[in-house]
Undergrad: 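My questions will all concern the structure given below.
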Amino acid sequence: MNPNQKKALAVFVLFLIVDLVAVGCGLVVSALGGDQLKGVAAGGGAWAILMAIGVPLIALFDFKDDRYAPQPPSGGSHGTQLPYPHPTETHVA
């Protein structure tokens with residue numbers, strides 16, 4: 001995966017977790033006797049705060065590229081000839 005895909009996946013996972021926590025927070029407030037407006041406000045506030053903390057935390061991480069770069073062919077090992085003489089070769093005229 002390239003770094004942008006990794007970062008997008010991390011933000012997506014954060015979004016899913018924060019949604020679950022916000023819904024849970026709203027349900028707890030409603031279950032404790034608050035009206036629906038207070039439950040929605042608590043869930044929305046929890047969502048906003050957690051996203052405001054989570055996205056900058058994800059941005060702090062340095063995501064590396066884990067794809068392999070193509071290896072250049074090694075000269076001389078498969079019958080290929082180098083365009084210049086090897087330093088250990090001696091040419092007698």
Undergrad: According to a 4.5 Å side-chain heavy-atom criterion applied to Ile, Leu, Val, Met, Phe, Trp and Tyr, with indirect links allowed, do V21 and L57 form part of one hydrophobic cluster?
TA: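 No, V21 does not connect to L57 through the hydrophobic network.
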Undergrad: Give the minimum heavy-atom separation between D65 and M1, together with the two atoms involved.
TA: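 Answer, listing the atom of D65 first, then M1: OD1-O, 3.4 Å.
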Undergrad: If hydrophobic clusters are built by linking Ile, Leu, Val, Met, Phe, Trp and Tyr wherever their side-chain heavy atoms come under 4.5 Å apart, do W47 and V55 end up in the same one?
TA: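 Linked, W47 and V55 end up in one cluster.
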Undergrad: Answer with yes or no whether the hydrophobic clustering places L60 together with I49; edges join I, L, V, M, F, W, Y residues whose side-chain heavy atoms lie under 4.5 Å apart.
TA: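 L60 and I49: one cluster.
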Undergrad: Do V23 and V13 sit in one hydrophobic cluster, given that two such residues count as connected whenever their side-chain heavy atoms are within less than 4.5 Å of each other, even indirectly?
TA: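 In one cluster with V23: V13, no.
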Undergrad: Between A42 and C25, what is the shortest heavy-atom contact and its length?
TA: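 Minimum heavy-atom contact is O-SG, 3.9 Å.
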Undergrad: How long is the span from the CG atom in L9 to the CG atom in L14, to the nearest 0.5 Å?
TA: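 CG of L14 is found 11.5 Å from CG of L9.
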Undergrad: Looking only at heavy atoms, which two atoms of I58 and F63 are closest? And how far apart?
TA: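 For I58 versus F63, the nearest heavy atoms are O-CE1, 3.7 Å.
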Undergrad: What distance do K7 atom NZ and N2 atom CG have between them, rounded to the nearest 0.5 Å?
TA: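 One gets 11.0 Å once the value is rounded to the nearest 0.5 Å.
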Undergrad: Nearest heavy-atom pair of G39 and S30: which atoms, and what distance?
TA: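 So the minimum-distance heavy-atom pair works out to CA-OG, 3.9 Å.
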Undergrad: Search all heavy atoms of K6 against all heavy atoms of K64 and return the closest pair with its distance.
TA: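 Taking K6 first and K64 second, the nearest heavy atoms are NZ-O, 2.7 Å.
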